[in-house]
Amino acid sequence: MNRNRFVLITVDTEAQPARAPQDHVKRLIWGEHEQGTAGIREMCMAANDVGAKLVFFVDACGMFLHGKPFEDAAFWLKQAGHDVQLHTHSEFLPPSFWEQHGFPARPTLLNQYSEKKAAFTIEYFSKYLANVTGEKTRAFRAGSFRWNIGTLTAQAKLGIPLSFNNTMRGLVDGVCPYAEPVQHPFVWSNGVVEVPITERRFPSRGDKVWWGRLAFPSTNRHRDPPWRVLYPYTFGRKIEVLVILVHSWSLLYWDANGYGVYKDDRRHEDFRRLMRKLSRDYDIITTGQFLNLYENGKIIITDKVDMSRIKMQI
């Protein structure tokens, strides 16, 4: 690693109810459809071609709901050498789950939970994920970036050192309580390191401030070459640590019902091209490598943010 520029390619791995009519894990994670396949295997193949590993933020709440098929997918990713970390779409958990553990079912969205309920969610599902992968959780990303002070407090208590939740777009959209308008990692006052999703402020749309997010695919176009994905966020900017957002269903397309479907291999090929481009310009790293680089002074973090700022915004 000698480029002094790093990128984490983060894949939110989900099997949400509204994105497929049935066989959610098969269709949205493995990407297996009647016409062809475009899912996590194909993403891993593209990464392996350039000697890189991806960071899969696996929805442990979805794993709890779908059971062994989802657990098998997470274990496969771990066995394939990729980085499996915690993601939570707890809004899909049934009321009976919360009743069993002594919490009200509502509100259903994580960013609206009490500190106690949020902390329980992180602790329960980080342990659930660790039981599947056999490894302690190093990083957390809330489903739809819906974090709050309870999740951040729980991370420090549980020794989960990395948060991937800072997003100005999420703040504007009202899904999180706070965000720093920065493109570099910083440290919260409780010691948790925040690694922001790469974003850029673009000209406003009407009265709303518009923050774009570095993601693949960048739009619903049929083709998305690397320059179209990267340049709006990297051209004319010096960003030491890029964080790209991908989903397990990002090689699929959306039909008229809003379901993920396979059409062709174009997005798979575009993802391969993106991986090749990134491997030439950046060191593609995992969360474990990020921590090693930070501890060894290769990634320097100077900013510290007091958590009292979060409370002031709630």
Side-chain angles (χ1 to χ4, degrees), residues 1-13 40 42-57 77 80-85 138-139 141 161-169 180-187 193-201 211-219 223-248 250-251 267-303:
M1 293 187 181
N2 54 16
R3 295 179 180 84
N4 294 319
R5 294 199 299 174
F6 308 99
V7 58
L8 296 105
I9 304 164
T10 63
V11 185
D12 288 3
T13 308
I40 59 172
E42 287 69 30
M43 290 181 184
C44 291
M45 288 167 57
N48 292 341
D49 284 348
V50 296
K53 298 300 178 184
L54 306 176
V55 182
F56 287 88
F57 279 101
L77 289 167
H82 292 271
D83 188 3
V84 178
Q85 300 301 327
R138 285 190 298 267
R141 173 180 284 160
L162 298 176
S163 170
F164 281 72
N165 287 307
N166 191 80
T167 161
M168 288 299 297
R169 178 168 166 180
E180 285 281 307
V182 297
Q183 299 303 304
H184 55 264
F186 60 89
V187 181
V193 175
E194 186 68 49
V195 189
I197 188 80
T198 300
E199 296 177 313
R200 188 164 198 165
R201 182 172 177 173
W211 286 83
R213 186 174 289 160
L214 177 52
F216 178 90
S218 63
T219 68
R223 301 310 304 263
D224 222 350
W227 66 264
R228 185 176 285 146
V229 175
L230 295 173
Y231 286 3
Y233 299 91
T234 60
F235 183 74
R237 310 173 88 193
K238 183 178 180 181
I239 304 176
E240 184 183 27
V241 180
L242 280 182
V243 178
I244 300 177
L245 177 64
V246 187
H247 284 83
S248 54
S250 286
L251 304 185
R267 283 197 170 155
H268 182 195
E269 180 54 33
D270 285 345
F271 188 72
R272 283 182 179 276
R273 293 166 67 192
L274 177 63
M275 292 300 304
R276 290 196 292 265
K277 168 66 175 171
L278 289 169
S279 69
R280 291 193 295 268
D281 298 338
Y282 297 85
D283 288 319
I284 302 171
I285 62 173
T286 63
T287 57
Q289 290 170 322
F290 178 97
L291 287 169
N292 287 334
L293 289 162
Y294 173 46
E295 291 166 2
N296 293 321
K298 300 295 185 180
I299 292 177
I300 299 172
I301 302 175
T302 57
D303 293 349

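Just so you know, these numbers use all the heavy atoms, side chains as well, and skip hydrogens, waters and symmetry mates.
- Qualifying side chain to side chain donor-acceptor pair (under 3.5 Å) partners for N292, counting only residues two or more places apart in sequence or in other chains: none.
- Within the 4.5 Å cutoff, no side-chain heavy atoms of L230 are placed close to those of D281.
- No side-chain heavy atom of F290 sits less than 4.5 Å from a side-chain heavy atom of P161.
- Residues K277 and P225 fail the side-chain proximity criterion, which asks for heavy atoms closer than 4.5 Å.
- For the atom pair CD of E199 and CE of M168, the computed distance is 8.0 Å after rounding to the nearest 0.5 Å.
- The backbone N or O of T287 lies less than 3.5 Å from no partner atom in the side chain of Q85, so there is not a single donor-acceptor pair.
- Closest approach of G288 to D83, counting heavy atoms only: N-OD2, 4.2 Å.
- The minimum heavy-atom distance linking I40 with S248 is given by the pair CG2-CB, 4.0 Å.
- Between the side chain of H82 and the main chain of L77, no donor-acceptor pair closer than 3.5 Å is present.
- Between A46 and R272, the shortest heavy-atom contact is CB-CG, 3.7 Å.
- Annotation: the span from I244 atom CD1 to S250 atom OG amounts to 11.5 Å, rounded to 0.5 Å.
- A side-chain donor-acceptor contact under 3.5 Å links T13 to the backbone of V11.
- Considering CG of L278 and CG of L242, their distance stands at 7.5 Å, rounded to 0.5 Å.
- Annotation: side chain of V243 is in contact with side chain of R141 (closest heavy-atom distance under 4.5 Å).
- To the nearest 0.5 Å, the span separating OH on Y233 from CD1 on I197 amounts to 9.5 Å.
- Contacts of S163 classified as side chain to side chain donor-acceptor pair (under 3.5 Å), with partners at least two apart in sequence or in another chain: N165, E194.
- Minimum heavy-atom separation, P232 to W227: CD-O, 3.8 Å.
- The shortest side-chain heavy-atom distance between Y294 and V195 does not fall under the 4.5 Å cut-off.
- N166 places a side-chain heavy atom less than 4.5 Å from the side chain of E180.
- Inter-residue side-chain proximity for F216 and F271 is flagged as met; some heavy-atom pair is nearer than 4.5 Å.
- Tested against Q183, the residues E240, K238, R237, R200 include a single side-chain contact (heavy atoms from CB on, under 4.5 Å) partner, R237.
- No side-chain heavy atom of L214 sits less than 4.5 Å from a side-chain heavy atom of L245.
- Atom-to-atom distance recorded for N4:CG and K298:NZ is 7.5 Å, nearest 0.5 angstrom.
- In this structure F164 satisfies the ring-ring contact (aromatic ring centres under 6.0 Å, His included) test together with F57, sequence neighbours excluded.
- Between the side chain of R228 and the backbone N or O of T219 there is no donor-acceptor pair closer than 3.5 Å.
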(request) Take Y231 and S218, measure what side chain to side chain contact (heavy atoms under 4.5 Å, CB included) needs, and give me the verdict at the end. (result) CA-CA 11 Å; Y231 286 3; S218 63; over 6 Å; no
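- Remark: D270 engages R273 in a salt bridge, criterion side-chain N to carboxylate O under 4.0 Å.
- To the nearest 0.5 Å, the span separating CD1 on I284 from CE on M275 amounts to 4.0 Å.
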